[in-house]
Asker: 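I have a structure I would like to understand better, so I am pasting it below and will then ask my questions one at a time.
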Amino acid sequence: MADVLPADGSVTHAAAERDTASLHRNVMIGIAIALVIAPFVAYPVFVMKVLCFALFALAFNLLLGYGGLLSFGHAAYFGMASYVCAYAAKHWGFNPEFAILAGTGVAAILGLVFGSLAIRRQGIYFAMITLALAQMVFFFSLQTPRFTGGEDGIQAVPRGKLFGVINLADDRTLYWVVALIFMAGLLAFYRIIHSPFGQVCKAIRDNEPRAISLGYRANQYKLAVFVLSAMLAGLAGSTKAIVFQLASLTDVHWSMSGEVVLMTLVGGLGTIFGPIVGALVIVSMQNFLATLGAWVTVIQGVIFVLCVLLFREGILGVIAKWIKKPL
């Protein structure tokens with residue numbers, strides 16, 4: 001006798017979830033394969049830059065795409081982690097793994113402090129508070145040259161030896177470390193958004209009053225996702241400082257916050273892999289169109305306008321709509 005499907009379609013829904021999980025697993029495998037091939041067909045430092053900013057964009061997407069919180073000041077965590085990592089490696093003699101952990105930890109603490117203040121407000125007021133706090137970090141960085149180097153930044157940051165054994169002076173060796181950090185960040189991001197915690201965050205994003213009526217403490221969840229996002233941004237900033245052996249005011253400037261917004265929207269807000277595509281597009285433009293000077297910014301603005309007007313879901317958002325499966 002043929003099986004009878006439940007009237008509520010639960011079997012069909014379960015099958016769709018399995019198909020989606022299989023698709024995501026295949027994409028993850030594809031990304032891993034691409035990372036293995038990348039240093040042999042492209043300049044490793046360029047690929048590492050893409051990976052650092054892709055991780056930064058994932059952090060921002062976690063906050064806005066899944067937490068519903070628009071921050072205009074995410075450069076504060078990216079940049080401060082970069083400074084702390086660079087300072088720890090250069091002046092305190094930390095090994096790269098401890099320097100990166102130090103930067104990530106400071107970013108998480110900064111996210112806890114700033115998030116506690118910002119979540120008291122919603123909408124545009126929340127966004128303006130994050131921008132104001134980020135500007136405070138920028139002026140702190142500018143006015144404390146003994147720590148940040150002022151306008152010169154912290155230069156010639158030693159890459160050191162990972163665990164005291166693996167010398168990261170070679171770009172190819174460092175690339176594999178950065179690739180592992182990126183994959184760990186991507187897997188952590190994926191686990192967060194598919195956990196019960198992530199489901200509650202999405203419920204609060206979609207309908208906060210209803211989530212509160214069900215007994216969830218919305219502010220606690222918003223603060224938690226804010227801190228997690230700041231931590232991932234700090235991991236990206238710390239890794240970037242080791243890669244380029246530099247931490248500068250550019251890392252904490254408001255334009256850096258704008259860039260990560262652009263990367264996320266171009267790739268696809270609220271998608272899993274969209275920010276990676278967005279980071280690849282924007283960093284590639286900056287790299288290959290560098291000879292155009294300031295016109296690169298104009299081109300980025302045009303692309304942003306086209307994205308908003310023609311495909312608001314972003315590159316992967318449009319593809320996901322075509323294949324009718326979330327990406």
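Worth knowing before you read on, the calculation uses all heavy atoms, side chains too, and leaves out hydrogens, waters and symmetry mates.
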Asker: With a 4.5 Å limit on heavy-atom distance, are the side chains of Val177 and Leu162 in contact?
Answerer: yes

Asker: Main chain of Phe163, side chain of Glu97: is a donor-acceptor contact present, judged purely on distance under 3.5 Å?
Answerer: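 Indeed, once roles are kept as given, a pair shorter than 3.5 Å links the two residues.
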
Asker: Just by distance, do the side chain of Ser238 and the backbone of Leu235 share a donor-acceptor pair under 3.5 Å?
Answerer: no

Asker: I want to check something: taking the side chain as every heavy atom from C-beta on, are Glu313 and Lys321 in contact at a cut-off of under 4.5 Å?
Answerer: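 Answer yes - side chains close enough.
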
Asker: Look up atom CG in Asn61 and atom CD1 in Ile193, then write down how far apart they are to the nearest 0.5 Å.
Answerer: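 Taking CG in Asn61 and CD1 in Ile193, the distance rounds to 8.0 Å.
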
Asker: Any side-chain heavy atom of Phe53 within less than 4.5 Å of one from Ile282?
Answerer: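 Phe53 does not reach Ile282 side chain to side chain.
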
Asker: With a 4.5 Å heavy-atom cut-off, do Ser22 and Asn26 have their side chains touching?
Answerer: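 Side chain of Ser22 against side chain of Asn26, heavy atoms only: contact under 4.5 Å found.
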
Asker: Between Thr173 and Asn167, does a side-chain contact (heavy atoms from CB on, under 4.5 Å) hold up when you go through it step by step?
Answerer: CA-CA 8 Å; Thr173 303; Asn167 192 346; over 6 Å; no

Asker: For Tyr190, does the OH atom have more than 12 heavy-atom neighbours from other residues, nucleotides or ligands under 6.0 Å away?
Answerer: yes

Asker: If I take atom CE from residue Met231 and atom CG from residue Leu110, how far apart are they, to the nearest 0.5 angstrom?
Answerer: 12.5 Å

Asker: If you define the side chain from C-beta out and look only at heavy atoms, does anything of Tyr66 sit under 4.5 Å from Val225?
Answerer: no

Asker: Please give me the minimum heavy-atom distance between Ser82 and Ala247, naming the atom from each residue.
Answerer: OG-CB, 3.3 Å

Asker: Which value, rounded to the nearest 0.5 Å, describes the distance between Met48 atom CE and Ile242 atom CD1?
Answerer: 11.5 Å

Asker: Working note: Thr130 + Phe226, criterion side-chain contact (heavy atoms from CB on, under 4.5 Å); need CA distance, chi angles, decisive distance, verdict.
Answerer: CA-CA 11 Å; Thr130 59; Phe226 196 102; 4.3 Å; yes

Asker: Heavy-atom count check: over 12 atoms from other residues, nucleotides or ligands less than 6.0 Å from Met128 CE?
Answerer: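 Yes, enclosed.
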
Asker: For Leu232 and Phe56, run side-chain contact (heavy atoms from CB on, under 4.5 Å): C-alpha distance rounded to whole Å, both residues' side-chain angles, the deciding distance at 0.1 Å, then the answer.
Answerer: CA-CA 7 Å; Leu232 274 177; Phe56 187 24; over 6 Å; no

Asker: Indicate yes or no for a side-chain donor-acceptor contact from Ser229 to the backbone of Ala59 under 3.5 Å, with no hydrogens or angles considered.
Answerer: yes

Asker: How about OH on Tyr216, more than 12 heavy atoms from neighbouring residues, nucleotides or ligands closer than 6.0 Å, or not?
Answerer: no

Asker: Run Asp171 and Tyr43 through side-chain contact (heavy atoms from CB on, under 4.5 Å) and show every step you take.
Answerer: CA-CA 9 Å; Asp171 288 343; Tyr43 185 41; 4.2 Å; yes

Asker: How far does CZ of Phe126 sit from CD1 of Ile129, to the nearest 0.5 angstrom?
Answerer: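 The CZ atom of Phe126 sits 8.0 Å away from the CD1 atom of Ile129.
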
Asker: Can a donor-acceptor pair be found, under 3.5 Å and without considering hydrogens, that links the side chain of Thr144 to the backbone of Phe147?
Answerer: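 No: the side chain of Thr144 does not pair with the backbone of Phe147.
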
Asker: What's the shortest heavy-atom distance between Ala89 and Val157, and which atoms?
Answerer: CB-CG1, 3.9 Å

Asker: Are Arg205 and Tyr221 in a cation-pi contact, defined as NZ or CZ under 6.0 Å from the six-membered ring centre and within 45° of the axis?
Answerer: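 Negative - Arg205 is either too far from the ring of Tyr221 or too far off its axis.
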
Asker: Could you walk me through whether Phe78 and His74 pass the ring-ring contact (aromatic ring centres under 6.0 Å, His included) check?
Answerer: CA-CA 7 Å; Phe78 180 86; His74 241 49; 9.8 Å; no

Asker: Please round to the nearest 0.5 Å and tell me the distance separating atom NZ of Lys202 and atom NE2 of His194.
Answerer: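 Atom-to-atom, Lys202:NZ and His194:NE2 are 5.5 Å apart.
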
Asker: If we ignore hydrogens and angles and just use 3.5 Å, is the side chain of Lys90 paired with the main-chain N or O of Gln155 as donor and acceptor?
Answerer: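 Side chain of Lys90 to backbone of Gln155: a pair is present.
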
Asker: Is any side-chain heavy atom of Val243 less than 4.5 Å from a side-chain heavy atom of Lys49?
Answerer: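 With C-beta onward as the side chain, the pair stays apart.
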
Asker: More than 12 foreign heavy atoms under 6.0 Å from CH2 of Trp254: is that the case here?
Answerer: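 No, the 6.0 Å shell around CH2 holds no more than 12 heavy atoms from other groups.
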
Asker: Kindly state whether the ring of Trp92 and the ring of Tyr87 have centres lying under 6.0 angstrom apart.
Answerer: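 Trp92 vs Tyr87: aromatic centres under 6.0 Å.
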
Asker: Considering only heavy atoms from C-beta outward, does the side chain of Tyr83 approach that of Asp251 to under 4.5 Å?
Answerer: no

Asker: Under a 4.5 Å cut-off applied to non-hydrogen side-chain atoms, are Phe273 and Ile276 in contact?
Answerer: yes

Asker: Return yes if some donor-acceptor pair links the side-chain N/O of Ser257 with the main-chain N/O of Ala75 below 3.5 Å, else return no.
Answerer: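 Judged by distance alone, yes, a pair lies under 3.5 Å.
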
Asker: Working to the nearest 0.5 angstrom, can you tell me the gap between His253 NE2 and Phe138 CZ?
Answerer: 5.0 Å

